[in-house]
Amino acid sequence: MERREALKKFAYLLGGALSASTMGVIFESFTVFDPINNSYSFSSTDEEILSEFSEIILPTTAASPGAKDAGVGAFIPLVIKECYPPDLQKIFKNGFDNMLAKSKTKFNKEFLNLTSEEKKMLVTDLRQESIDNNKEPSFFLIARDLTLLGYFSSEIGCTVAREYLPIPGKYDGNVDYVTGQKAWAT
């Protein structure tokens, strides 16, 4: 199975957790990389910033590693650049740049120099802006969706955050669920 097909199937399983724009990209608008129209690139610092952003969405807990450990900071720009159409790439890049500018104006610091609480406040503001924009695609929605997709399709997401059997037994479509048990990885 190709990676794109696997991501489509996994996104389908996440269902309502992903925004309509991300579901549209996954199910309808996968693009072939076009260096002329897909002109945005991301630096290693940008990946580090996206890693910190994703860690706010899915932080490390006592039960499992977070998005940063799963490599989501590198996953997001890869998918944006190679899979998203130019209009959504522009929305993402403009929103990303806007987040960095807000970091400077609101806290007088670069994003990576913010405290954990300041980063959470900034991401909370971005979340509220995306709610206020009435379901329009936004940096926050795209980054949040790709954080979930990247994390739960990573090795950590499939083997640590969810129940995993490396060598499954017979198929049983009616397995009892124990309260508090992790969801099964497929």
Side-chain angles (χ1 to χ4, degrees), residues 3 7 10-11 14 16-26 38-158 160-162:
R3 182 166 173 77
L7 287 174
F10 184 72
L14 282 176
L18 300 180
S19 68
S21 59
T22 299
M23 293 296 280
V25 168
I26 291 170
N38 298 6
S39 59
Y40 297 111
S41 60
F42 297 89
S43 68
S44 59
T45 302
D46 293 342
E47 289 182 10
E48 188 177 351
I49 291 166
L50 290 169
S51 183
E52 292 292 324
F53 175 93
S54 66
E55 188 71 12
I56 293 166
I57 303 298
L58 286 171
T60 299
T61 66
S64 65
K68 187 189 286 189
D69 294 322
V72 173
F75 174 82
I76 293 172
L78 175 72
V79 174
I80 291 293
K81 187 172 181 174
E82 294 191 11
C83 300
Y84 274 65
D87 60 329
L88 289 177
Q89 287 184 17
K90 184 176 182 180
I91 289 169
F92 183 86
K93 187 65 170 159
N94 289 344
F96 179 77
D97 292 342
N98 185 41
M99 178 182 74
L100 300 180
K102 282 184 180 190
S103 171
K104 288 179 185 175
T105 57
K106 187 169 184 170
F107 301 105
N108 201 26
K109 297 182 202 174
E110 298 289 332
F111 183 85
L112 292 174
N113 295 328
L114 297 176
T115 65
S116 295
E117 287 306 311
E118 290 169 336
K119 288 176 189 170
K120 287 178 188 174
M121 287 173 58
L122 187 60
V123 171
T124 300
D125 289 349
L126 294 174
R127 178 183 172 272
Q128 188 58 50
E129 286 174 14
S130 72
I131 291 169
D132 295 342
N133 285 336
N134 208 11
K135 298 185 181 182
E136 291 293 318
S138 68
F139 163 76
F140 175 82
L141 289 176
I142 295 169
R144 180 209 58 195
D145 292 354
L146 291 178
T147 296
L148 293 171
L149 189 61
Y151 182 78
F152 287 108
S153 63
S154 72
E155 183 177 353
I156 286 173
C158 287
V160 179
R162 296 189 292 165

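All residue numbers refer to positions in the sequence shown, counting from 1.
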Heavy-atom donor-acceptor pair, S51 side chain to E47 backbone, under 3.5 Å: no

Flag, side chain of D46 to backbone of S43, donor-acceptor distance under 3.5 Å: yes

Exceeds 12 heavy-atom contacts within 6.0 angstrom, atom NZ of K106: yes

Heavy-atom neighbours of K109 NZ exceed 12 at 6.0 Å: yes

Side-chain donor-acceptor contact under 3.5 Å, E110 with S103: no

Using a 4.5 Å cut-off on heavy atoms from C-beta on, say whether the side chain of [Y] contacts that of [X].
{"X": "D145", "Y": "F140", "answer": "no"}
{"X": "N113", "Y": "E118", "answer": "no"}
{"X": "T45", "Y": "L112", "answer": "yes"}
{"X": "S138", "Y": "L141", "answer": "yes"}

Atom pair [atom1]/[atom2] of [X] and [Y] - distance to nearest 0.5 Å:
{"X": "L58", "Y": "R144", "atom1": "CG", "atom2": "CZ", "result": "11.0 Å"}
{"X": "E117", "Y": "T124", "atom1": "CD", "atom2": "OG1", "result": "9.0 Å"}
{"X": "Q89", "Y": "I142", "atom1": "CD", "atom2": "CD1", "result": "9.5 Å"}
{"X": "F92", "Y": "K81", "atom1": "CZ", "atom2": "NZ", "result": "13.0 Å"}
{"X": "L148", "Y": "I57", "atom1": "CG", "atom2": "CD1", "result": "7.5 Å"}
{"X": "D132", "Y": "D125", "atom1": "CG", "atom2": "CG", "result": "10.5 Å"}

Stepwise side chain to side chain contact (heavy atoms under 4.5 Å, CB included) test for L100 and I49: CA-CA 9 Å; L100 300 180; I49 291 166; 3.7 Å; yes

What are the two closest heavy atoms between [X] and [Y], and how far apart are they?
{"X": "A74", "Y": "P77", "result": "O-CD, 3.4 Å"}
{"X": "I91", "Y": "P137", "result": "CG2-O, 3.7 Å"}
{"X": "K119", "Y": "F111", "result": "CE-O, 3.4 Å"}
{"X": "S154", "Y": "A70", "result": "OG-CB, 3.4 Å"}
{"X": "I156", "Y": "D69", "result": "CD1-O, 3.2 Å"}
{"X": "Y151", "Y": "A67", "result": "CD1-CA, 3.7 Å"}

Worked verdict on T60 versus E55 for side chain to side chain contact (heavy atoms under 4.5 Å, CB included): CA-CA 7 Å; T60 299; E55 188 71 12; 2.7 Å; yes

Cation-pi, F42 ring and K93 (6.0 angstrom, 45 degrees): yes

F53 ring center within less than 6.0 Å of F139 ring center: yes

Side chain to side chain contact (heavy atoms under 4.5 Å, CB included) between F75 and T147, worked out: CA-CA 8 Å; F75 174 82; T147 296; over 6 Å; no

